[in-house]
Amino acid sequence: MAQLQPVRGTHDILPDDYARFRHVVDTARQAALVFGYREMATPIFEFTDVFARSMGETSDVVSKEMYSFTDKGGESLTLRPEYTAGICRAFISNGLQQHVPFKAFGWGPMFRFERPQKGRQRQFHQIDVEVIGAAEPQADVEVISVAAEILRRLGILDKCVLELNTLGDPESRVGYRDALVRYFSSYVDKLSDDSRKRLEKNPLRILDSKDEGDRALVAHAPLIHDYLTPAASDFFKALQDGLGASGVPFTVSPRLVRGLDYYTHTAFEFTTDMLGAQGTVLAGGRYDGLIEQLGGKPTPGIGWAGGIERLVMLSDPQPAAPRIVAIIPIGAAAEAAAVTLAGDLRRADIAVELGYGGNAGKRFKRADRLGCAAAVVIGDDELAKGVVKLKDFKSGTEIEVARGDLLAHLKQDQLKA
RNA sequence: GCGGGGGUAGCUCAGUUGGUUAGAGCACCAGAUUGUGGCUCUGGGGGUCGCGGGUUCAAGUCCCGUUCCUCGCCCCA
């Protein structure tokens with residue numbers, strides 16, 4: 001075991017894994033583009049205040065999980081623990097109000113000081129989709145549809161279920177919160193220690209407690225749906241109708257809530273039972289109060305984030321290796337010709353591996369291990385005749401090809417990278 | 001932050017009640033085969049047994065600390 005380890009909770013992504021990682025990002029990007037979203041990026045660190053104000057000072061993420069530091073100019077900065085706040089900050093900073101609805105796709109590393117587990121790292125990566133400046137439930141439908149389409153393209157939609165709920169508008173939420181506090185307060189002695197704390201800090205959270213005793217109480221707790229204002233109720237109905245029309249299956253989970261302060265109305269999660277305790281693959285919701293909280297004009301928004309590492313674990317070991325051609329020179333004179341030839345092919349977008357040395361046997365062996373589709377052999381005989389030998393690794397057959405015809409041959413064999 | 005289980009070669013692991021120079025398979029390198037890969041055979045390199053301390057004549061093995069991974073809680077993607 002090596003003594004020089006990466007920082008706890010961080011991992012190197014080596015080429016084989018990176019291929020799967022990139023496949024997830026590429027698939028997500030492509031699906032998002034199809035829905036009219038455009039890729040963008042924000043800095044991986046922001047003023048600490050951006051996250052503290054958006055997520056709430058008392059949230060667990062802000063109070064104990066942020067990588068915050070003071071830079072040499074004395075500013076308190078924080079490595080982003082999530083994407084939404086940064087996008088909203090960018091929306092305000094760049095005066096994008098005139099571009100609403102603003103539809104963004106992004107991805108990148110996030111940082112949280114948590115105890116690592118499988119599917120939970122201190123540096124992890126998310127794909128992210130946001131719509132800012134749309135108050136209509138149709139936006140919620142679209143945002144969730146993008147997520148479903150990404151999961152479908154990754155071939156893992158059937159390993160997930162979509163759980164859906166509403167937190168109502170602020171008015172609904174206040175009434176419901178009071179009702180919950182009243183209900184649970186009458187059973188304080190039966191609540192778990194954790195939930196007793198939640199009763200003061202974040203009573204909605206009791207609803208998704210994993211404690212057996214809590215669950216029994218939750219089963220008879222008031223439901224948000226009885227406290228929705230007519231407007232909030234209509235909104236939720238429209239969302240469900242829209243999802244039905246889009247062919248996105250879901251189940252309503254009245255106990256699904258959000259830990260972050262800025263969520264309103266829609267809350268949803270795509271979850272799986274294949275990843276142990278880290279079952280949430282992709283989750284999000286509506287955050288109509290966030291932009292204003294950050295200092296912008298009141299602007300509605302909705303979005304989600306998906307954990308790339310978790311998506312990778314669910315998806316199949318990925319994609320076909322690139323079709324590489326190995327050029328194998330034999331003899332000193334052929335070395336130069338091989339370099340020239342490699343340049344010609346690469347300019348035509350054919351992936352070429354030119355071994356650095358060794359005899360023919362070694363170079364063939366190496367080409368085979370790399371998974372090369374074919375080898376181009378060039379030695380003194382071939383040089384004299386102006387040809388190369390083209391060997392197909394799969395069939396083992398070898399043919400002689402004029403040097404001028406090689407490119408056409410390779411393209412015909414669909415060896416383009 | 002709390003509780004449980006782990007760490008022996010690049011990978012997967014074995015290693016007896018503590019006992020001499022710590023092993024296997026796979027992988028890697030070399031040769032058989034200096035103009036032809038996969039298969040086979042032969043040989044080779046590679047380990048401060050996670051790290052530090054303690055007990056002992058003797059520690060991979062027992063004890064303590066620590067670090068990292070892992071399972072669950074909290075929280076979250």
Asker: How would you label the contact of A:G396 with the nucleic acid (heavy atoms, under 4.0 Å): base, sugar-phosphate, or nothing?
Answerer: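 Base, at least one base heavy atom under 4.0 Å.
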
Asker: Categorize A:D381 for me: base, sugar-phosphate, or nothing, with a 4.0 angstrom heavy-atom threshold over every strand shown.
Answerer: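 Since a base atom lies under 4.0 Å of A:D381, the category is base.
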
Asker: Which part of the nucleic acid, if any, lies within reach of A:A360 when heavy atoms closer than 4.0 Å are counted: base, sugar-phosphate only, or nothing?
Answerer: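 Sugar-phosphate contact only.
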
Asker: Please list, in numerical order, the residues of residues 330-343 of chain A that have a heavy atom closer than 4.0 Å to any atom of RNA chain B.
Answerer: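 A:I330, in order of number.
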
Asker: Can you list everything that forms a ring pair (Phe, Tyr, Trp, His ring centres under 6.0 Å) with A:F102? Sequence neighbours excluded, please.
Answerer: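 Applying ring pair (Phe, Tyr, Trp, His ring centres under 6.0 Å) to A:F102 gives none.
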
Asker: Has the side chain of A:K391 got a donor or acceptor that lies under 3.5 Å from a partner of the other kind on the base of B:G37?
Answerer: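 Flag set: donor-acceptor pair detected.
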
Asker: Heavy atoms under 4.0 Å, any strand shown: does A:E398 hit a base, just sugar-phosphate, or nothing?
Answerer: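 Here A:E398 touches the bases of the nucleic acid.
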
Asker: Run the side-chain contact (heavy atoms from CB on, under 4.5 Å) test against A:V388 and tell me which residues pass, sequence neighbours left out.
Answerer: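 Checked A:V388 against side-chain contact (heavy atoms from CB on, under 4.5 Å); matches are A:L341, A:V376, A:I378, A:V401, A:R403, A:L406.
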
Asker: Taking N or O atoms only and anything under 3.5 Å, show me the protein contacts with nucleotides 27-31 of chain B, one pair per line.
Answerer:
| residue | atom | partner | partner atom | Å |
| --- | --- | --- | --- | --- |
| B:C29 | OP1 | A:R369 | NH2 | 3.4 |
| B:G31 | OP2 | A:K362 | NZ | 2.7 |

Asker: Provide a list of protein-nucleic acid N or O atom pairs under 3.5 angstrom, restricted to nucleotides 68-71 of chain B.
Answerer:
| residue | atom | partner | partner atom | Å |
| --- | --- | --- | --- | --- |
| B:C69 | OP1 | A:G9 | N | 2.9 |
| B:C69 | OP2 | A:R8 | NE | 3.0 |
| B:C71 | OP2 | A:K118 | N | 2.7 |

Asker: Check this for me: does the side-chain of A:E114 come within 3.5 Å of the base of B:G1 through a donor and an acceptor?
Answerer: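 Per atom types, no contact qualifies.
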
Asker: Donor-acceptor pair, A:S246 side chain versus A:V248 backbone, under 3.5 Å?
Answerer: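 Checking the backbone N and O of A:V248 against the side chain of A:S246, no donor-acceptor pair under 3.5 Å is found.
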
Asker: From the list B:G35, B:C73, B:A77, which nucleotide is the closest neighbour of the side chain of A:D194?
Answerer: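 Out of B:G35, B:C73, B:A77, the nucleotide with an atom closest to A:D194's side chain is B:C73.
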
Asker: Can you name the residues that form a side-chain contact (heavy atoms from CB on, under 4.5 Å) with A:E46, not counting sequence neighbours?
Answerer: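 Once residues adjacent in sequence are excluded, the partners of A:E46 under the side-chain contact (heavy atoms from CB on, under 4.5 Å) criterion are A:T42, A:P43, A:V50, A:F51, A:R89.
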
Asker: My understanding is that only residues two or more places apart in sequence, or in another chain, count here; which of them pass side-chain contact (heavy atoms from CB on, under 4.5 Å) with A:K385?
Answerer: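 A:V387, A:E400.
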
Asker: In whole angstrom, give me the gap between the P atoms of B:C62 and B:C69.
Answerer: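 B:C62 and B:C69 have their P atoms separated by 24 Å.
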
Asker: Between B:U42 and B:G35, how far apart are the C1' atoms? Round to whole Å, please.
Answerer: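 That atom pair is separated by 24 Å.
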
Asker: Using the P atom in both, what is the distance from B:A32 to B:U48, to the nearest Å?
Answerer: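 Straight-line distance between the two P atoms is 33 Å.
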
Asker: Give a yes or no on whether the backbone of A:V312 and the side-chain of A:R20 come within a donor-acceptor separation of less than 3.5 Å.
Answerer: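 Pair found, side chain donor or acceptor close to backbone of A:V312.
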
Asker: With sequence neighbours left out, what residues match A:F45 under side-chain contact (heavy atoms from CB on, under 4.5 Å)?
Answerer: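 By the side-chain contact (heavy atoms from CB on, under 4.5 Å) rule, A:F45 matches A:L77, A:L79.
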
Asker: Check side-chain hydrogen bond (donor to acceptor under 3.5 Å, both in side chains) between A:Q121 and all other residues, then give those that pass, not counting sequence neighbours.
Answerer: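 Scan of A:Q121 (side-chain hydrogen bond (donor to acceptor under 3.5 Å, both in side chains), adjacent residues dropped) gives A:H11.
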
Asker: Tell me, which pairs form a ring-ring contact (aromatic ring centres under 6.0 Å, His included) where one or both residues lie in residues 351-389 of chain A, sequence neighbours left out?
Answerer: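 Pairs touching residues 351-389 of chain A that pass the test: none.
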
Asker: Would you mind reading off the distance between A:R363 atom CZ and B:U34 atom C1', rounded to a whole angstrom?
Answerer: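 Distance check: A:R363 CZ to B:U34 C1' gives 14 Å.
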
Asker: Listed by chain and number, what are the salt bridge (Lys or Arg N to Asp or Glu O under 4.0 Å) partners of A:D208, not counting sequence neighbours?
Answerer: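 For A:D208 the salt bridge (Lys or Arg N to Asp or Glu O under 4.0 Å) partners, ignoring immediate neighbours, are A:R205.
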
Asker: How would you list, by chain and number, every residue that makes a salt bridge (Lys or Arg N to Asp or Glu O under 4.0 Å) with A:K159, sequence neighbours excluded?
Answerer: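 Salt bridge (Lys or Arg N to Asp or Glu O under 4.0 Å) list for A:K159, sorted by chain: empty.
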
